[in-house]
> 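Please see the structure below; I have some questions.
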Amino acid sequence: MKRTSLIGLTALMAVANLQAADNDPVVMTVAGKDVKASEFEYFYTKNDQEELAEKKTFDEYIDLFINYKLKVAEAAARGVDTTKAFRDELAGYRKQLVEPYMKGEDWHDTLVFEFVERNKYKVHAQHILLMTDRQANEEQVARKKARIYELKREAEAGADFDSLARANSEEPGAAQRAGDLGYFSAGQMVYPFETVCYTTPVGGYGVCRSQYGFHLVKVIDRSPKSEQRQVAHIMKTFPRPQTADKMLQTRLEMDSLYTLLQQGADFAQLATENSDDQYTARDGGQYPWLDDTARFPEEWMQAAFSLKQEGDYSKPFRTAYGWHIVKLNGIRKDAPVTSQMRDELRQQLPADPERAKVGKAMMLRQWKNENNFREDAKMFDKICKLSADTTLSRQTWNDKMAKNKKPLFTINGEKYAAKDLVEHVPAGTEPRWMDIRELVDAWEDEAVEAYQEAHLAEKYPDFAHLYQEYHDGIMLFDVAGKEVWDKAAQDSAGLHNYFMEHRRKYDWDKPRFRGAFIECADDSALVAKLKDLYEHNDWKRAADLVRLEVLTDTLLTPDPKHPKFHIVNGLYSIGENQTVDIQQLGQQPDVIQAPRQDMPVRMTYGKVLPTGPDSEDDVRALVIGDYQAELEDKWVASLREKYSWTINQPELDKLRK
């Protein structure tokens, strides 16, 4: 055996000196590879916490871990980790493992805080929209961007915003409303638009880009929200088609409900039973708390916010959607921000793609700081000046960029040459339409994210150990399958020999029955046929004949998908099947179970095994399991002869729990 002796006293003294500067000492070396304390402790703790059928002592686990590492070493020696199948499988697992480490959650709290603070205020804004299609090229986007800033300069110079909006805005309805959006609050507009509305001074102008295009925003007012109201309503929608008779009928129905309310009827009950608003009717017509930024028809909002006291309700009134009666159920000044509300926002806000982008940007800034990101400002300016030359073609720009071999930015000292920016510019984009800041930002973000993912193992020990576990597990599964699992299942001669050598191990103290249990309809021809097959053939052969001669006979089996019989083949112990107990194993139960009504005939055919199995087939699963254990023991013994290992017992002892 190639195992070396334990580390001697002199070696231990040297190791102790090294460990003073190393918080993760080597606890063993297996097949030439060191195992650090953190790795061993990770696996030991994980296995110790799992619900194992048999708990292992610390020393037993040391031996198991050595065996585990020896198997991985053998897999590596066979080149398992060099195959495409291995690389693809590991890459798939790694993609899943990195996901939680690349998400980050601190930014969720930041967005929740921002939403809560913004939601205390309402904003009145007006805007001009220059729309951009998803398929717009760089030139089209650049032209729109340039135009929106031209309009901003005109507005700041004193041009009438209403006139600018009517003449230039591509928003539907701009000619009528001049882009006036009224009052709104956080969460009611797309996030980039919301942000510019909450960060631009009142009376000022801001520009943003959303999924719709470029916006020039004029902030008319930003002020604290008014009180909140809890309002319920009863609604009767207009009929389709809107004939005069039907419209009158709708109004009369609402008048009748109003009369019932005046007579003391319960508003919630009337709403539940009569309102056409299915979303609120089930709650007695009640909406969640609303403020004056709620996006409801003007007539509805005026009626709801003109009610003076709780319990007051309006007269029937009309909107574009139908007839309504609203009731005031509550008034409050400030909405309490509960922990439940924060938790709900924490779940909901990241689902907004634009807010998620902000979260991603926050993570990227953090990763840049952690990884010593540096951008060369002079090189960036050089690229900007080059791109500002409107005479350059794309090919000429590419050729000149190829000379910029110095780094544009570095990540932990790793250099990213400026010339490689060419690869990140869309094909066909001319230099004069390039937004260099945007292109460079996108490349830097991509590089930082890739660097962060590639170095997760260095930053997060748990990830490193988990990834190593998957890596080694795939290798072990491959080699153990060939040496143990597949071999035990497929080596019929070896399995038979093992059974014959150990057959007494599988004896039982009470007889068992191996064969067929049959339930059958009370059909004389079918019963006779089944009896004939089973009485004149071995039960295994009879099962094949049933498929050939019974299931294909339309007289005996009119519907092959629903035959009039049921056959179960197996090994039965006493108490598992009452019919087998009575007919084969000599048992007489106190209470006899009634047969199935549709299959009252019950028969059994096979053989009683008094003391033990006839062959390995009778206990195949048990024999395969035991044979696998023997193969593994022999394999591990051969690996312990093939490879060397040493253990650092003093360091291992420090990990004992």
> When you measure from the side chain of Asn372 to the backbone of Ile411, do you find a donor-acceptor pair of N or O atoms at a distance under 3.5 Å?
no
> Salt bridge check, Arg365 against Glu370: does any charged N sit closer than 4.0 Å to a carboxylate O?
no
> For the residue pair Gln286 and Asn329, confirm or rule out a side-chain donor-acceptor distance under 3.5 Å.
yes
> Is it true that the NZ or CZ of Lys368 lies under 6.0 Å from the centre of Phe373's six-membered ring and within 45 degrees of the ring axis?
yes
> Between Tyr287 and Asp277, does the side-chain hydrogen bond (donor to acceptor under 3.5 Å, both in side chains) criterion hold? Intermediate values first, please.
CA-CA 11 Å; Tyr287 278 101; Asp277 182 353; 3.0 Å; yes
> Please list all pairs meeting salt bridge (Lys or Arg N to Asp or Glu O under 4.0 Å) that have one or both residues in residues 313-325, counting only residues at least two apart or in different chains.
none
> Any chance you could measure Asp445, atom CG, to Leu364, atom CG, to the nearest 0.5 Å?
4.5 Å
> Would you call Arg153 and Glu156 a salt bridge, taking side-chain N to carboxylate O under 4.0 Å as the test?
no
> Might you work through the side chain to side chain contact (heavy atoms under 4.5 Å, CB included) test for Phe565 and Thr557, ending with a clear yes or no?
CA-CA 9 Å; Phe565 61 89; Thr557 312; 4.0 Å; yes
> Does NZ or CZ of Arg437 lie under 6.0 Å from the centre of the six-membered ring of Phe380, at an angle within 45° of the ring axis?
yes
> Just by distance, with hydrogens left out, do Asn274 and Lys236 show a side-chain donor and acceptor under 3.5 Å apart?
no
> Step through the shown structure and confirm whether more than 12 heavy atoms of other residues, nucleotides or ligands are within 6.0 Å of OH on Tyr121.
no
> Sub-3.5 Å donor-acceptor pair from the side chain of Glu117 to the main-chain atoms of Glu114, do we have one?
no
> Honestly, is Lys144 close enough over Phe214, meaning NZ or CZ under 6.0 Å from the six-membered ring centre and within 45° of the axis?
no
> Checking Glu469 against Tyr42: is there a side-chain donor and acceptor pair closer than 3.5 Å?
yes
> Please determine whether a side-chain nitrogen of the Lys or Arg among Lys122 and Asp291 lies less than 4.0 Å from a carboxylate oxygen of the Asp or Glu.
no
> Assess whether side chain to side chain contact (heavy atoms under 4.5 Å, CB included) is satisfied between Asp221 and Val123, documenting all intermediate values.
CA-CA 6 Å; Asp221 179 45; Val123 177; over 6 Å; no
> Do Lys225 and Asn119 come within less than 4.5 Å of each other through their side chains, counting heavy atoms only?
yes
> Nearest 0.5 Å, what's the CD-CH2 distance between Glu253 and Trp323?
12.5 Å
> Would you call Asp598-Lys564 a salt bridge at under 4.0 Å N-O?
no
> Parallel, tilted or perpendicular: which describes the rings of Phe193 and Phe184, with under 30° parallel and over 60° perpendicular?
tilted
> Measuring from atom NE2 of His233 to atom OG of Ser314, what distance do you get when rounded to the nearest 0.5 angstrom?
11.0 Å
> Could you verify whether a donor N or O on one side chain and an acceptor N or O on the other, from Arg222 and Thr200, lie under 3.5 Å apart?
no
> Identify whether the distance between the nearest side-chain nitrogen and carboxylate oxygen of Lys95 and Glu99 falls below 4.0 Å.
no
> Are Arg94 and Tyr470 in a cation-pi setup, meaning NZ or CZ lies under 6.0 angstrom from the ring centre and within 45 degrees of the ring axis?
no
> Taking all non-hydrogen atoms of both residues, which atom of Tyr198 and which atom of Ser185 are closest, and how far apart?
OH-CA, 3.4 Å
> List in chain and number order the residues that pass salt bridge (Lys or Arg N to Asp or Glu O under 4.0 Å) with Arg229, two or more places apart in sequence or in another chain; answer none if no residue qualifies.
Glu227
> Report the distance from atom OH of Tyr460 to atom CG of Leu466, rounding to the nearest 0.5 Å.
14.5 Å
> Find the distance between CG (Asp162) and CD (Gln126) and round it off to the nearest 0.5 Å.
4.5 Å
> With sequence neighbours left out, write down each residue that passes ring-ring contact (aromatic ring centres under 6.0 Å, His included) with His455, or none if nothing qualifies.
Tyr451
> Closest approach of Leu216 and Ile148, non-hydrogen atoms and distance?
N-CD1, 3.7 Å
> Mind checking whether Lys145 and Leu130 have side chains closer than 4.5 Å, heavy atoms only?
no
> Taking C-beta and beyond as the side chain, do Val219 and Tyr205 meet within less than 4.5 Å on heavy atoms?
no
> Under a 4.0 Å N-O cut-off, is there an ion pair linking Arg432 with Glu139?
no
